[in-house]
Amino acid sequence: MCGITGWVAFDADLHAEVEAINAMTGTMACRGPDDEGTWVRGHAALGHRRLSIIDLAGGRQPMVEETADGPVALVYSGETYNFTELRVELGSRGHYFETYSDTEVVLRAYLEWGSASAERLNGMYAFAVWDARIQQLVMIRDRMGIKPLYYYETEDGVLFGSEPKAILANPLAERVVGLDGLRDMFGQSKSPTVVVWEGMREVEPGCVVTTHRGGLQATRYWSLPTREHTDSRDATVAHVRELLEDIVARQLVSDVPRCTLLSGGLDSSVITEIAAGRQARAGETIRTFSVEYAGQTERFVADTARDAPDTPFAHEVAAHAGTEHQDILLDPDALTDIDVRTAVVRSRDIPQGLGDMDTSMYLLFRDLRAHSTVALSGESADEIFGGYREFFSREALQAHSFPWLTDVTPMRGLDVETLDPGLQATLALPEYTRDTYDSAVAAVPRLDVDDDHEYRMRQLSHLYLTRFLRLLLDRKDRLSMAVGLEVRVPFCDHRLVEYVYNAPWSLKVYDGREKSLLRGAVGDLLPRSVLERRKAPYPSTQDPAYVTKLRGICRDYVIGSAHPVVELVDRNWLAGAVVEDGPARPSTRRSLERTIDLAIWLDIYNPTLKI
């Protein structure tokens with residue numbers, strides 16, 4: 001896992017820009033603390049920071065193949081889980097390997113198949129190839145968008161990087177945020193064509209972006225396929241299990257210590273049980289980690305989202321699977337520490353966070369990094385198998401909006417009513433969200449066998465997989481890589497995603513509950529209490545001291561210093577929110593968190609806002 005960046009300028013020799021590419025590469029130090037490298041040749045400059053996972057001695061980057069017609073240079077971030085099979089195939093085609101890394105396999109795959117090599121990769125990856133033979137830059141991103149990759153067109157070429165901060169380190173990139181960027185920031189309805197920073201774009205998941213003297217072109221090598229599912233229930237359940245076993249086995253491959261993230265919910269418990277079983281058969285014990293808030297289990301109060309604390313379930317699974325378990329204990333002081341919150345905002349480049357859920361995840365990753373370099377996570381099972389309560393909500397099914405915006409959930413972020421009234425009117429977020437939703441729904445194919453209800457469930461699944469999940473994957477990538485931790489997401493293997501997405505909704509809920517296929521596939525692995533547990537979201541602290549500290553930060557950091565953020569929020573709301581006593585409504589708490597993060601973001605980046 002690494003951080004990549006680069007600059008291509010067709011009208012310039014970039015040898016004079018070593019300082020600039022070094023600065024761009026330096027911003028990725030957190031993503032790759034183990035090694036760094038830059039390569040400059042003519043019109044291209046590439047930078048790489050390495051987190052060593054496979055072939056620790058080899059695999060240095062940028063990796064270059066000198067051909068008779070010019071160099072082909074690669075910078076690569078991620079993991080290719082089928083690199084062993086590809087290495088054998090490429091060897092049969094005459095390729096020789098100098099390392100045991102998947103990086104070299106990807107480079108030689110490109111040399112053999114060009115940009116079509118992307119179709120052969122199984123994994124999470126984002127990489128760029130400067131092909132001097134044809135004077136072209138090729139940027140490729142994995143199918144699900146697990147690894148990020150951004151680019152910024154210039155007058156004579158392009159800048160790119162794993163994160164916006166790498167691009168913004170180049171003097172050609174302007175720190176401007178326009179209305180669409182603000183809408184994307186506040187709207188919680190991720191648009192695939194919009195990045196907060198004006199002029200910047202993402203390489204979309206499953207896409208190849210090529211840049212040459214004639215301009216820039218994006219092509220798609222993968223999209224979520226729609227096809228009829230003909231397997232029986234028993235065959236479907238069996239195939240899901242088979243896929244999970246194969247996926248986890250592939251994703252356990254590592255030359256450094258690995259662990260699993262264990263919440264005690266169904267999804268993380270499945271990954272943990274399979275991983276622990278495989279490691280036990282190899283004579284090893286896998287480590288597991290959970291986040292726990294000080295006093296949460298003892299003071300827990302059930303609500304509509306959670307009917308029980310996580311920790312007892314996590315401990316039960318750890319004991320059942322025989323893992324070496326550790327709870328990472330957090331308190332309100334850590335969650336509201338301004339330096340920690342600044343690190344979180346800087347890691348994400350935008351103030352589009354989830355408050356204490358982001359801060360706690362960052363702290364969890366930071367502490368477990370002392371023990372492991374690779375962690376397996378249960379992320380994305382709810383999107384794939386239909387785990388969210390919105391899948392079962394009449395309101396969500398009938399709404400002309402994204403399902404996650406139809407209920408008061410932690411994902412809704414900053415309530416637009418707490419923005420400055422003039423800014424609210426200018427942004428016109430309801431209209432923007434409706435247009436974004438219409439565009440997203442229009443992209444969902446319908447099969448002839450789909451009746452209206454089946455098609456509506458297909459739409460919801462498609463929206464969660466192509467819009468909502470990208471928010472979660474970006475969050476997990478940024479917060480983990482901020483501390484040099486690689487988090488792998490087995491449920492995002494495209495083979496599993498494609499197969500389960502196309503299973504009829506009646507199969508996904510065949511026992512009358514959410515995620516029936518997953519429960520059926522792993523029922524023999526888990527304790528009954530966990531198998532039957534109702535879904536609970538990522539934990540959030542219930543300590544009243546947390547809200548008290550948020551109010552104090554807003555009084556001192558925002559109001560007391562006349563911070564520029566007060567121009568963006570409703571001053572009357574803010575003045576009232578900071579003097580209230582006792583518990584805050586969930587919406588008020590979220591808005592206090594987001595106001596603080598927005599203030600921090602303005603301090604870090606000092607952007608020009610075009611409002």
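Index from 1, following the sequence.
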>> Distance alone, cut at 3.5 Å: any donor-acceptor contact between the side chains of Ser529 and Glu316?
In response: yes
> In this structure, are over 12 heavy atoms from other groups packed under 6.0 Å from Glu155 atom CD?
Replying inline: no
> Considering residues at least two apart in sequence or located in another chain, which fulfil the side chain to side chain donor-acceptor pair (under 3.5 Å) criterion with Asp333?
Replying inline: Lys549
> Got a sec, which pairs hit salt bridge (Lys or Arg N to Asp or Glu O under 4.0 Å) with one end in residues 557-580, sequence neighbours left out?
Replying inline: Arg551-Glu580, Glu567-Arg571
> In terms of heavy-atom contacts, does CZ of Arg220 have more than 12 from other residues, nucleotides or ligands at under 6.0 Å?
Replying inline: yes
> If you measure only the distance, is there a donor-acceptor pair under 3.5 Å linking the side chains of Tyr388 and Glu514?
Replying inline: no
> How would you list, by chain and number, every residue that makes a side chain to side chain donor-acceptor pair (under 3.5 Å) with Arg458, sequence neighbours excluded?
Replying inline: Asp450, Asn502
> Mind checking what makes side chain to side chain donor-acceptor pair (under 3.5 Å) contact with Tyr538, not counting sequence neighbours?
Replying inline: Ser360
>> Under a 3.5 Å distance rule, please check whether Asn170 uses its side chain to pair with a backbone N or O of Leu172 as donor and acceptor.
In response: yes
>> Taking salt bridge (Lys or Arg N to Asp or Glu O under 4.0 Å) as the cut-off, I'd like each qualifying pair that reaches into residues 160-180, sequence neighbours left out, listed once.
In response: Arg31-Glu163, Glu163-Lys165, Lys165-Asp349, Asp180-Arg183
> When you measure from the side chain of Thr5 to the backbone N and O of Phe160, does any donor-acceptor pair fall under 3.5 Å?
Replying inline: yes
>> Check whether Thr406 reaches the backbone of Pro403 with its side chain - one donor and one acceptor, N or O, closer than 3.5 Å.
In response: yes
> Per the ring-ring contact (aromatic ring centres under 6.0 Å, His included) rule, which among Tyr605, Tyr150, Tyr151 passes with Trp197?
Replying inline: Tyr605
> Does any N or O in the side chain of Asp543 come within less than 3.5 Å of the main-chain N or O of Gly295, such that one atom is a donor and the other an acceptor?
Replying inline: no
> Would you say the side-chain atoms of Arg533 pair up with the backbone N or O of Gly264, donor to acceptor, closer than 3.5 Å?
Replying inline: yes
> Between Glu202 and Pro192, is any pair of side-chain heavy atoms under 4.5 Å apart?
Replying inline: no
>> Other residues, nucleotides and ligands only: do more than 12 of their heavy atoms fall within 6.0 Å of CZ on Arg534?
In response: yes
> Does Val489 offer a backbone N or O that forms a donor-acceptor pair with the side chain of Ser377 under 3.5 Å?
Replying inline: no
>> Leu224 vs Arg143, test: side-chain contact (heavy atoms from CB on, under 4.5 Å). Steps then yes/no.
In response: CA-CA 9 Å; Leu224 191 60; Arg143 295 168 178 84; over 6 Å; no
> Does the salt bridge (charged side-chain N to carboxylate O under 4.0 Å, His left out) test come out yes or no for Arg348 and Asp358, once each step is laid out?
Replying inline: CA-CA 10 Å; Arg348 301 202 63 185; Asp358 273 5; 2.9 Å; yes
> Looking only at atom types and distance, does a side-chain atom of Ser439 sit under 3.5 Å from a main-chain N or O of Asp435, one as donor and one as acceptor?
Replying inline: no
> Does the side chain of Leu602 come within less than 4.5 Å of Leu568's, by heavy atoms?
Replying inline: yes
> Can any side-chain N or O of Thr27 pair as donor or acceptor with the backbone N or O of Met24 at less than 3.5 Å?
Replying inline: yes
> Can you pull the salt bridge (Lys or Arg N to Asp or Glu O under 4.0 Å) pairs that have at least one residue in residues 361-382, sequence neighbours excluded?
Replying inline: Glu379-Lys476, Asp382-Lys515, Asp382-Lys535
> Taking the side chain from Ser77 and the backbone from Cys2, do they hold a donor-acceptor pair closer than 3.5 Å?
Replying inline: yes
> With a cut-off of under 6.0 Å to the ring centre and 45° to the axis, is Arg467 in cation-pi contact with Phe402?
Replying inline: no
>> Keeping Ser393 on the side-chain end and Arg389 on the backbone end, is there a donor-acceptor pair under 3.5 Å?
In response: no
> Between Phe391 and Lys508, is a side-chain contact (heavy atoms from CB on, under 4.5 Å) present by the stated rule, with each step listed?
Replying inline: CA-CA 11 Å; Phe391 283 104; Lys508 295 177 185 177; over 6 Å; no
